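The structure appears right after this line, and notes come after that.
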Amino acid sequence: TVSIVHVLSYLAGIAWFLALAFPPLTQRTYMSENAMGSTMVEEQFAGGDRARALARDFAAHRRKSGALPVAWLERTMRSVGLEVYTQSFSRKLPFPDETHERYMVSGTNVYGILRAPRAASTESLVLTVPCGSDSTNSQAVGLLLALAAHFRGQIYWAKDIIFLVTEHDLLGTEAWLEAYHDVNVTGMQSSPLQGRAGAIQAAVALELSSDMVTSLDVAVEGLNGQLPNLDLLNLFQTFCQKGGLLCTLQGKLQPQDWTSLDGPLQGLQMLLLMVLRQASGRPHGSHGLFLRYRVEALTLRGINSFRQYKYDLVAVGKALEGMFRKLNHLLERLHQSFFLYLLPALSRFVSIGLYMPAAGFLLLVLGLKISSLHEAGVGLEPGGSPGPSVPLPPAQGVGLASLVAPLLISQAMGLALYVLPVLGQHVAAQHFPVAEAEAVVLTLLAIYAAGLALPHNTHRVVSTQAPDRGWMVLKLVALIYLALQLGCIVLTNFSLGFLLAATMVPTAALAKPHGSRTLYAVLLVLTSPAATLFGSLFLWRELQEAPLSLAEGWQLFLAALAQGVLEHHTYGALLFPLLSLGLYPCWLLFWNVLFWK
Amino acid sequence: MAAAMPLALFVLLLPGPGGWCLAEPQRDSLREELVITPLPSGDVAATFQFRTRWDSELQREGDTDHYFLRYAVLPREVVCTENLTPWKKLLPCSSKAGLSVLLKADRLFHTSYHSQAVHIRPVCRNARCTSISWELRQTLSVVFDAFITGQGKKDWSLFRMFSRTLTEPCPLASESRVYVDITNYNQDNETLEVNPAPTTTYQDVILGTRKTYAVYDLLDTAMIHNSRNLNIQLKWKRPPENEFPPGPFLHAQRYVSGYGLQKGELSTLLYNTHPYRAFPVLLLDTVPWYLRLYVHTLTITSKGKDNKPSYIHYQPAQDRLQPHLLEMLIQLPANSVTKVSIQFERALLKWTEYTPDPNHGFYVSPSVLSALVPSMVAAKPVDWEESPLFNSLFPVSDGSNYFVRLYTEPLLVNLPTPDFSMPYNVICLTCTVVAVCYGSFYNLLTRTFHIEEPRTGGLAKRLANFIRRIRGVPPL
């Protein structure tokens, strides 16, 4: 029952997506915000030596105390003339985080406010340096302090500038942001902030790990796939060009030649990387957490590789100074440019109007399938809207009642998948020789796999008087459910929606309890959400030119599962609940259709 | 260091026979003053005050009618050069002589804090207040920043601050003085050296702390004629170890909490840092109507407990007519932080009501706090062994409180804003065109047309019809 239209529509979707990297669909980026476009600023930052000295001091104090040297930071910030405050926070993670090696986290954030002489503290900008346990980021702290000292001596500031150093990287940032906005989203315990500086307009996070950098990498993807306004990226790019800095996106150099096939192919690679990163819904840098509060933000990472030409901290400082001076000119919040875009290169973008058709074509398959099932006379109400040509004697038997059991059971499986792993970690850890984090992941996989036993449970419950019509009604409901979910996801996070649609749509359209069931079953398992995640990890490492072996991939997959659950609990990432409560039950319905008896 | 305050202009009409109507004031008199307060951090605060009085033939009739008192704030306005120039023109000597020579815009705006005010009020000329004078008081406060203006040095002089020195008094001035705060921060010896040495000193309790001032009188001819000009220099002999003098007992902070464009919360934190004394504070909030306050969410907590205000006056807003007015008398417990919070919903404005640059946000005016704050002098532990015995009989002196009025920071709140860009305009325009076309087409298509005969025959016909109607015959 799969017609040529379905196949064509699916292929058109995929082809459209692949074509996004090619020139007519990608456009050059341009600055839309007037306040930042035409005005020139002259960068005068020259505190490279000071930054290095401060970085050395910071690193020494950090080594001595083993944690963030709060007192030293306070003293130094005060000595450069900032108004300094600290904030302590603590958070017990739902289970031990093995990649970052932390469980009971408590730390202190230090921030200094430069009060603008020309304004009444109604607006502010943030420069933040996340200090983690694994990345000390001391050069970034040095540069932050040196920049603060330089900025303090200027009188042109119209917005307050907050210099924020957070401990435990993103956890500290989240604690600070929640306290600044006086909300509690994730159950973080923190002391209230003593000093504030109005509405934050933009933020830049800085990560540097060496005195010299060969290139600056910029990360835009934030929590739940949110992106900053494109103008902020344009601003960064402007100063990259002005300062002659080498700037990269996704750790890759910009393709130069867009006229031949090479450029667009490289662009496609970067586009895919961006799609994978955005689809993961995790904050790729501490800027990602700012986006929830409608603060435009991005992360700059200094990369030190084996390239010959290197830049010192002055060059990076100048780029930052320029960016802050231009942000200082802003009259309104950044709103002129795009909020929804894809980037095949740093200087090229695809706007929402151009990438949406790709997802539209994929969803069209579901739409066509739904309408064809509907035309075949499958309705939920007995006798409601029957097709004129098809006689429907047994329609009475297929009411809502037969659907209740599979729907309820699959939804309950989803709920169990969402709740049980974290809830039952201690029980699992007691009875099996595993650590809590492993217990969570293994429970997750066990429940996921247990869902596959579902049809054997339901076919006893469901009284199947009309075998053929029964599965068609179930499939109709499942298709509508899937189409609605994918439609919503595509609107908020295109990348995630597209990835899921590209994998789930063909098998969802094909699922039926006839023909070679084993083949269908294998296909369905291969396109289940977990398998998509597994495959995405391989694709991701392949695109980064660091291919994975199967064993490594499996380890990475387990780690990614644990991270996904953790990020949901600590930052409020929505991927885990979305998959467990929405897409997994939906997928189980198709599995149920396949094994309908 | 606070940032520049928004321009606040107060015109206060004070009631007539009050405590301040003493003897007959001098006619057309000018008094000018400059108070320089060096701060231990290296910053210097300078406050100018000019008071002009002139007679008026305007007669006052009884008390001021409080019904006509108004309070207005422009939170968006920031003080700048264009506020200074007309302000200077109100001075009798303009900026030609006297203290006003120092008012050079490029130096004054090179500071980290700037506040400028004009107060005008009537003053009674006799006890029965039959005739009045007008008093115009102009004040200007700036804080010079050791980091920006001082290039990191803590020593100051008039020339370094204002790039001018004082040469002559204003001929119209009846009093022209410079006060320099030379209060000792350390107990043992003096920490601040002023040059030239002052002729006199003056001591008083200002804002609850005992202060000593060096006084320079410009009308004293010896003062300027010795060296042709007066350039007061301040030198820290020994910078105080404690860089941060104790903060005031009452301070406040205000912010918007929450995120998203639907709801939010206005929170005001009131700090009472006095170790053992509680005092009441009158909090006045005006909130624009487009923030729809939920009054039932008003919570006041101190030290984790509910703090019930002893007086609440609430006047709800009317859309497009008047803002919310919320006035409360709150008791601040000793050594506590009191949080006053109220939730609001952001209204969707009509599209013509958005200001230019709507994505900048909308300002909410500062809260006003009025309080009688216990003085620092009274709070200091008295050394009972050293002081006379009668001190313990009357432990609290009369000057134990001082009045203070504080303004919190203004707030910037984003409202849900439509996209005022080209696509939005196109949508608006097309919708309008469609609506207009649809309306008129629908009207044309559904209306039935009747041909009405032209009215002929004026009065006679009407009369005839009237008669016919009475008779029950159809009219002509």
Side-chain angles (χ1 to χ4, degrees), chain A residues 32-35 78-84 113-124 148-149 151-160 177-185 192-201 290-295 330-337 339 353, chain B residues 1-7 41-43 75-80 109-114 142-143 145-149 151-152 243-244 253-261 264-265 267 269 271 337 339 341 356-361 363-364 366 407 409-414 417 419-421:
Chain A
S32 300
E33 178 63 60
N34 270 333
R78 206 161 273 147
S79 75
V80 300
L82 302 182
E83 211 181 291
V84 190
I113 304 178
L114 191 169
R115 296 285 180 196
R118 299 292 164 89
S121 286
T122 49
E123 293 170 279
S124 54
F151 286 0
R152 184 64 178 81
Q154 313 304 322
I155 56 152
Y156 42 65
W157 299 113
K159 294 175 173 50
D160 289 8
L177 278 168
E178 285 186 14
Y180 193 92
H181 294 93
D182 202 4
V183 288
N184 199 336
V185 189
L193 296 191
Q194 299 286 315
R196 282 187 173 77
I200 305 174
Q201 305 290 308
F290 282 84
L291 296 170
R292 186 206 320 247
Y293 302 93
R294 213 183 157 211
V295 176
L330 274 185
L331 203 58
E332 300 180 74
R333 260 170 202 282
L334 284 172
H335 70 284
Q336 299 273 13
S337 194
F339 283 98
Chain B
M1 269 167 297
M5 272 283 293
L7 178 72
S41 59
D43 302 347
R76 190 170 192 165
E77 203 71 25
V78 172
V79 183
C80 68
F109 289 102
H110 217 272
T111 52
S112 62
Y113 177 87
H114 187 108
V142 285
V143 177
D145 189 348
F147 277 92
I148 299 176
T149 334
Q151 278 117 36
E243 286 233 334
F244 295 89
Q253 195 189 24
R254 198 167 187 230
Y255 56 90
V256 187
S257 37
Y259 60 93
L261 285 177
E265 194 172 30
S267 308
L269 296 179
Y271 293 87
V337 185
K339 184 177 174 186
S341 64
D357 305 325
N359 282 291
H360 178 66
Y363 283 91
V364 178
Y407 295 85
E409 53 267 69
L411 300 176
L412 189 60
V413 180
N414 272 89
T417 313
D419 178 15
F420 287 108
S421 57

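Computed from a predicted structure; not experimentally measured. Order of the sequence lines fixes the chain letters, A, B, ..., with proteins taken first and strands second; residue numbering starts at 1 for each chain.
For chain A, the nearby part of B:Ser267 is the side chain; its heavy atoms alone come within less than 4.5 Å. Neither the backbone nor the side chain of B:Asp419 comes within contact range of chain A, judged by heavy atoms closer than 4.5 Å. With a 4.5 angstrom heavy-atom cutoff, A:Gln194 touches chain B via backbone and side-chain atoms both. If you measure heavy-atom distances from A:Val185 to chain B, the contacts under 4.5 Å come from the side chain alone. For a residue to count as touching a neighbouring chain, one of its non-hydrogen atoms must lie under 4.5 Å from one of that chain's; by this rule A:Ser79 touches chain B with the backbone only.
No other option in B:Leu269, B:Asn359, B:Leu411, B:Thr111 has as many heavy-atom pairs under 4.5 Å with chain A as B:Asn359. In terms of non-hydrogen atom pairs under 4.5 Å with chain A, the most contact-rich of B:Val413, B:Thr417, B:Asp357, B:Leu412 is B:Asp357. The greatest number of non-hydrogen atom pairs below 4.5 Å with chain B, out of A:Thr122, A:Leu330, A:Val183, A:Leu334, is found for A:Thr122.
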### Message
Using the rule given for side-chain contact (heavy atoms from CB on, under 4.5 Å), can you reason through A:His181 versus B:Val256, listing the C-alpha separation, both sets of side-chain angles and the distance that settles it, and then say yes or no?
### Response
CA-CA 7 Å; A:His181 294 93; B:Val256 187; over 6 Å; no

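In this structure, B:His360 and A:Arg333 have side chains that are not in contact, with every pair of non-hydrogen atoms separated by 4.5 Å or more. With contacts defined as side-chain heavy-atom distances shorter than 4.5 Å, the pair A:Pro117/B:His114 does not qualify. For the pair A:Arg294/B:Tyr259, no side-chain contact is recorded, criterion being any heavy-atom separation below 4.5 Å from C-beta on.
B:Glu409 places no side-chain N or O within 3.5 Å of a backbone atom of A:Gly198 that could act as its donor or acceptor partner.
Taking a cutoff of 4.0 Å between a charged side-chain nitrogen and a carboxylate oxygen, B:Lys339 and A:Asp182 qualify as a salt bridge.
If you take CG on A:Asn184 and OG on B:Ser257, they are separated by 12.5 Å, rounding to the nearest 0.5 Å.
Of all heavy-atom pairs spanning A:Leu193 and B:Gln253, the tightest one is O-OE1, 4.3 Å.
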